[in-house]
Amino acid sequence: MTDAVNAPPGVNPNESSVARVYDYLLGGKDNYEIDRRVAEEVSRVMPDIAETARVNRHLLTRICRFLAYHAGVRQYIDCGSGMPTAENVHQIVQRADPAAKVVYVDYDPVVASHGRALLDENEFTEYIQADFFDPPSILDHPTVDEHLDWNQPIAVLFLLALHHQTGDRELAGKVTKEFIDRLPSGSYVAISHLLDAHDGSEDAETVQSIIESVHNGSMKDISSRTRAEIKDLFHGLELIPSGPNRPAEVVPVIEWWPDGPLLDEPTIAQRIVAVGVARKP
């Protein structure tokens with residue numbers, strides 16, 4: 001994959017991919033020079049950007065454990081999943097139930113092809129190439145329709161996904177509403193998103209610098225939202241409490257059911273992404 005000369009048909013090795021940049025930040029090898037360059041450019045603005053990727057990966061683990069072991073969910077759609085790296089959704093939820101079903105979704109043809117190859121022997125896991133900003137490309141996809149039982153709860157994950165969009169500010173909300181409307185009762189939606197602190201703080205300045213760095217590079221633009229705007233993406237669904245004796249609200253990722261007590265002050269990387277998880281009644 002690092003050889004741009006042998007890039008698969010339909011793939012431009014001179015245009016970066018969100019999934020491949022994320023793969024590089026997590027220490028993976030499925031990326032091109034342009035992806036590494038974009039990651040390094042963003043790292044100059046925020047040296048802790050790789051930690052942000054790791055923090056989100058740890059969040060995914062905690063969310064999947066909750067959904068599989070406590071909520072009893074046995075079906076998942078991971079939107080904008082990226083490369084199927086270690087401790088991905090199917091590995092976590094299939095420990096709770098080996099027959100738990102997962103559909104990974106990514107618009108990058110390299111990622112989708114690579115994912116299908118890696119997961120070929122797992123009969124309960126599928127990988128499709130589709131764009132979650134076009135919900136019917138997923139919701140009406142024959143593989144999704146055949147693989148999942150739409151009469152039983154499904155968890156849809158939008159982790160560090162919805163903020164990779166500019167232009168129509170309302171599009172992310174339209175996307176989540178279309179998914180929510182189609183989901184059966186008892187389903188869950190999880191969203192993590194770049195946070196706009198909206199307070200002139202160091203965190204707010206860092207987020208704005210990241211947005212500008214990405215905009216000036218070759219990767220798809222990103223946007224940030226306030227906590228209230230992120231909550232709006234759930235369209236009134238009941239949020240899960242963010243921890244023991246904590247209110248049900250959108251919080252920085254480090255605060256959502258951490259694995260243990262927080263012994264140190266959160267870093268910028270742990271503060272600039274917020275998360276919420278909600279259930280459809």
Side-chain angles (χ1 to χ4, degrees), residues 56 59-82 88-90 92-94 96-97 99-107 112 124-165 168 170-193 225 228-242 248-251 256-257 274-281:
N56 195 70
L59 171 70
L60 178 142
T61 300
R62 300 198 304 277
I63 288 175
C64 287
R65 286 203 308 255
F66 160 74
L67 292 170
Y69 288 95
H70 299 288
V73 178
R74 295 296 180 259
Q75 303 185 107
Y76 299 81
I77 301 175
D78 187 3
C79 295
S81 59
N88 216 320
V89 175
H90 71 284
I92 301 165
V93 303
Q94 288 176 358
D97 181 350
K101 296 180 178 181
V102 180
V103 175
Y104 291 108
V105 181
D106 204 285
Y107 75 93
F124 299 108
T125 303
E126 298 286 350
Y127 214 120
I128 67 170
Q129 181 187 345
D131 184 356
F132 60 79
F133 283 113
D134 175 22
S137 72
I138 299 170
L139 296 171
D140 297 330
H141 195 289
T143 297
V144 177
D145 184 57
E146 294 170 8
H147 191 60
L148 303 181
D149 180 355
W150 286 83
N151 294 310
Q152 298 297 321
I154 298 170
V156 179
L157 311 178
F158 294 102
L159 301 183
L160 284 187
L162 291 167
H163 62 213
H164 288 288
Q165 179 267 334
D168 180 3
E170 304 303 317
L171 180 57
K174 294 174 184 176
V175 167
T176 57
K177 187 175 190 311
E178 193 158 351
F179 273 90
I180 290 168
D181 286 347
R182 293 278 292 271
L183 289 174
S185 175
S187 294
Y188 286 79
V189 176
I191 299 171
S192 68
H193 196 290
R225 280 181 167 79
E229 289 174 326
I230 296 171
K231 185 176 181 179
D232 286 344
L233 297 175
F234 290 98
H235 299 281
L237 292 185
E238 179 184 358
L239 286 166
I240 302 303
S242 56
E249 59 185 5
V250 172
V251 297
W256 198 89
W257 288 96
V275 61
V277 178
R279 180 181 183 275
K280 182 175 180 178

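Among the candidates Val144, Thr125, Asp78, the single residue satisfying the side chain to side chain contact (heavy atoms under 4.5 Å, CB included) test with Val103 is Val144. Among Ile191, Ile77, Leu233, the single residue meeting the side chain to side chain contact (heavy atoms under 4.5 Å, CB included) criterion with Phe158 is Ile191. Checked against Lys177 for a side chain to side chain contact (heavy atoms under 4.5 Å, CB included), the options Arg182, His235, Glu170 give a single hit: His235.
Taking the six-membered ring for Trp, Tyr104 and Tyr76 have ring centres at least 6.0 Å apart.
Listed for the His147 side chain is a donor-acceptor partner under 3.5 Å among the backbone atoms of Phe124. Between the side chain of Glu126 and the backbone N or O of Thr143, no donor-acceptor pair lies under 3.5 Å. Between the side chain of Ser192 and the backbone N or O of Val275, no donor-acceptor pair lies under 3.5 Å. Side-chain atoms of Gln94 come within 3.5 Å of backbone N or O of Ala100 as a donor-acceptor pair. Panel note: side chain Arg65, backbone Ile92; no donor-acceptor pair is recorded below 3.5 Å. The backbone N or O of Phe133 sits less than 3.5 Å from a side-chain atom of Asp131, completing a donor-acceptor pair.
Taking all atoms of both residues into account, the shortest heavy-atom contact from Val250 to Ala274 is CG1-CB, 3.7 Å. Between Val89 and Leu60, the shortest heavy-atom distance links the atoms CG2-CD1, 4.0 Å. Nearest approach of Phe179 to Ile138, heavy atoms of both residues: CZ-CD1, 3.9 Å. Listed here is the closest heavy atom pair of Phe234 and Val189: CE2-O, 3.4 Å. Scanning all heavy atoms of the two residues, the minimum distance from Ser187 to Pro153 falls at OG-CA, 3.5 Å.
The closest side-chain donor-acceptor pair between Tyr127 and Ser81 falls under 3.5 angstrom.
Using a 4.0 Å cut-off between a side-chain N of Lys or Arg and a carboxylate O of Asp or Glu, Lys280 and Asp181 do not qualify as a salt bridge. At a threshold of 4.0 Å, the pair Arg74-Asp149 does not count as salt-bridged, since none of the basic side-chain nitrogens sits closer than that to a carboxylate oxygen.
Between Leu237 and Ile180 the shortest side-chain heavy-atom distance falls below 4.5 Å.
Heavy atoms from other residues, nucleotides or ligands lying under 6.0 Å from NZ of Lys101 number more than 12.
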